[in-house]
Amino acid sequence: MLQKWKMFNPTTFRHSKNRYKTLLTAKLIALQSRFISNQIARNLFDEIPQNVNNRILKSYCRDKRYKEALSLFSRLFSSEKPDLYSIPAALKACAALKALDFGKAIHSFSKKDGQIGSNLFVGSALIDMYAKCGAMDESLRVFEEYSESDTVLWTTVITGFEQNGRSLEALAFFSRMAMAEGVVIDPVVLVSVVSACVQLLELKMGRSVHGYVIRMGLGSGLPLSNALLNLYGKTGLVNYAARLFEGMEEKDVISWGSMIACYAHHGGAEESLVLFDEMVARGIEANAVALISVLQTCEANCSLDEGKRIHELAARNGLDADVLVSTALIAMYMGCSAPDEAAEVFKRTPEKDAVCFSAMLRGCVENERACESIGVLRVMLGSGFWPDAFDAVKILASCSELGVLQQTRCFHGFAIKCGLGGDSFVSASLVECYAKCGSLDGAASIFGCVKDRDVVMWSSMLAAYGIHGKGREALALFDEMVKNSGVRPNEVSFVSLLSACSHAGLVREGIEMFDLMVNGYKLAPNSKHYGIVVDLLGRVGEVEKAMGFVNGMADCGDPSVWGALLGSCRVHRNEKIAEIAGRKLVELDGCDADAGYYVLLSNVYAVDEKWGEVARVRGLVEEKKMKKVSGRSVVEVGDEVCSFVANDRHCQESNHICDLVRILHGMMKEEFSCSFPDRCVALESVTIDPL
DNA sequence: GAAACTTCTT
């Protein structure tokens, strides 16, 4: 390559004979223009006839150097008029860059010239440009100007509709095309038609297209086969997809990727991984899309080791810095309970987008890293990305976990400014969050403001009363819910209600509500319900009854139920049942064993001074290297936000939170103070002086 | 010398 560059000297080139003749020279100019000075490049271009410039333009587009293509086109435009051949190329660049204004300028220019204006190549390029810039109305207008449209023009419009998410219109347009006389249906238009069917999950239509393809012998094209593969993959017809895939004579990375994704999304984790390995073994280099699909498999299957292997492979292919791949890696590590690895990937991702931030933020919350999640939010806001409703719910879960009222207030204000105030999930989370941060008034005020309360909203408020020990209020609210709102309670509503009864010591009412749930609403109780009822019975010393209750459970595999029973045994010194519950807990000990239960069991023995047993149980804790999760406190003194910190890491985490409050504060004052004065006045009074 | 199409991210 270097040799070629040396051979090309711009000065001598200008005087050489036949200098414009070969395609090679045009290519060289296109490539070389990166390295030679602007002045020399400009002089060269001024002397080059249009056909060579067109070749340069085309080669720019082929190499996806669209900006350079447009700047060359602009220069051409200033000195001479562009011709039939340069316009489609320039429009392609506009489409790729979504440079609508530039495209419009080219459009108005071509309208002035009769020959250009009626040219079908120009027409399709215009339709495509408008469609890719999201201006479908303009796109259609151009199409309607052509009285004799060919297959490509029709296809461009159909593709435009499909890519703008207007698949119904794409299909309607296709049926118009099929009816219109003399328009040839070719494999390319069918690709877009099948894609539209995929978007609409319109399996019937998709299959009839497949039938048509077979009848007409159009099935050899790779994009069409891939589109059909995707149709079966997305609609869950795994066997159809597999048969089609097997029968394909030619397969590219898209075919493999689609099949891997099909298995990944339809419970075929093993097949997905096997296929991925087979693809790699056949020398087909995994691209970002294939990697993402297989990483989703690892995530869904909690296959950390496989995930790490794929990560290494991605790194070898140089794709680990790709933001889509990084995001999939973060999600995979988070899903496999490996947040440190996820954080490492996050740190190394050079250009993070909103989705990447979201993946990290949500992953932190799901891995019980509340403080870190707030740190991520801080950086996210600093990078100009705003949380969506799902993120907001997660952030509020973190605020709940930390019990930080001031931050909740701040974030609440911010959520309103983000336009998330009306979101029912966010509102329900706010109710829970205010309640968990100690402000039942805050929770009730949110609840009061929501007009259309759904079951989540009602359940959240029931839970809020429960947290504050207001069992009677919860029962009254439940009464109002079933009598006046028309909203039917679900399993979660009963968890909240039962827990409210339990916290308030309303044993009889709790049992009654459990009965209402099972026999009245015919809802199947889960371990949470059983746990609460066992706890309720235990509170009034009905340990034997609780034991009978546990024995009646359909699935007796949840440690929390046995833990609740064990807790009652400790209070009421029932060593016999404690023994049974303790044994069961050790037996059920899964990956998320909590040392707390073992400590509880050892305490039962300690009360009766059975020191041998105490030592045995404590030995188990040592042996399994379990740690009891230590508690933390957050204290608010006056207007100051203080986290009660245990070590350096917590100190750092607290700073995250306080910084976030400061950032949110700044945003509110600068950008939104006019539109929401009341909220901002309230925030003015919050003094933030961390640690 | 020129135009349309396929897999994937929280």
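So you know, we letter chains A, B, ... as the sequences are listed, proteins then strands, and number each from 1.
Residues that satisfy the salt bridge (Lys or Arg N to Asp or Glu O under 4.0 Å) test with A:Arg215, not counting sequence neighbours, are absent from this structure. Every residue meeting the ring-ring contact (aromatic ring centres under 6.0 Å, His included) condition with A:Tyr232, not counting sequence neighbours, appears here in chain and number order: A:His210, A:Tyr240. Residues satisfying the side-chain hydrogen bond (donor to acceptor under 3.5 Å, both in side chains) test with A:Glu401, not counting sequence neighbours, are none. Scanning for ring-ring contact (aromatic ring centres under 6.0 Å, His included) contacts around A:Phe102 gives an empty result, with sequence neighbours left out. By the side-chain hydrogen bond (donor to acceptor under 3.5 Å, both in side chains) test, A:Thr297 pairs with A:Ser272, sequence neighbours left out. Every ring-ring contact (aromatic ring centres under 6.0 Å, His included) that A:Phe109 has, sequence neighbours left out, goes to A:Phe77. Every residue meeting the side-chain hydrogen bond (donor to acceptor under 3.5 Å, both in side chains) condition with A:Asn54, not counting sequence neighbours, appears here in chain and number order: A:Asp83.
As judged by a 4.0 angstrom heavy-atom cut-off over every strand, A:Asn230 is placed among residues touching the sugar-phosphate backbone only. Among the heavy atoms of the strands lying under 4.0 Å from A:Ser258 are primed sugar atoms or P, OP1, OP2 only; no base atom is included. Looking at heavy-atom distances under 4.0 Å, A:Ile127 makes no contact with the nucleic acid at all. Nucleic acid contact class of A:Lys132 (heavy atoms, under 4.0 Å, all strands): sugar-phosphate only.
Every pair passing side-chain hydrogen bond (donor to acceptor under 3.5 Å, both in side chains) that includes a residue from residues 329-339 of chain A is listed here, sequence neighbours excluded: A:His311-A:Tyr333.
In this structure, A:Ser255 and A:Leu229 approach most closely via the heavy-atom pair O-CD2, 3.4 Å. Here the shortest heavy-atom pairing between A:Lys347 and A:Lys352 reads O-NZ, 4.2 Å.
For the segment residues 83-111 of chain A, the set of residues with a heavy atom within less than 4.0 Å of an atom of DNA chain B comprises A:Asp83, A:Leu84, A:Tyr85, A:Lys92, in numerical order. Taken residue by residue, residues 140-169 of chain A places heavy atoms nearer than 4.0 Å to DNA chain B at A:Asp150, A:Val152, A:Thr155, A:Thr156, A:Thr159, A:Gln163. For the segment residues 314-350 of chain A, the set of residues with a heavy atom within less than 4.0 Å of an atom of DNA chain B comprises A:Leu324, A:Thr327, in numerical order.
Side-chain atoms of A:Thr156 and A:Asp128 form no donor-acceptor pair, as typed in the model, at a separation below 3.5 Å.
Note that the first and last nucleotides of DNA chain B, 5' to 3', having any atom under 4.0 angstrom from a heavy atom of chain A are B:dG1 to B:dT10.
For an aromatic pair to be called close, the ring centres must be under 6.0 Å apart, and A:Phe245 with A:Trp256 satisfies this.
When each of A:Phe161, A:Trp154, A:Tyr130 is tested with A:Phe143 by the rule ring-ring contact (aromatic ring centres under 6.0 Å, His included), just one qualifies, namely A:Trp154.
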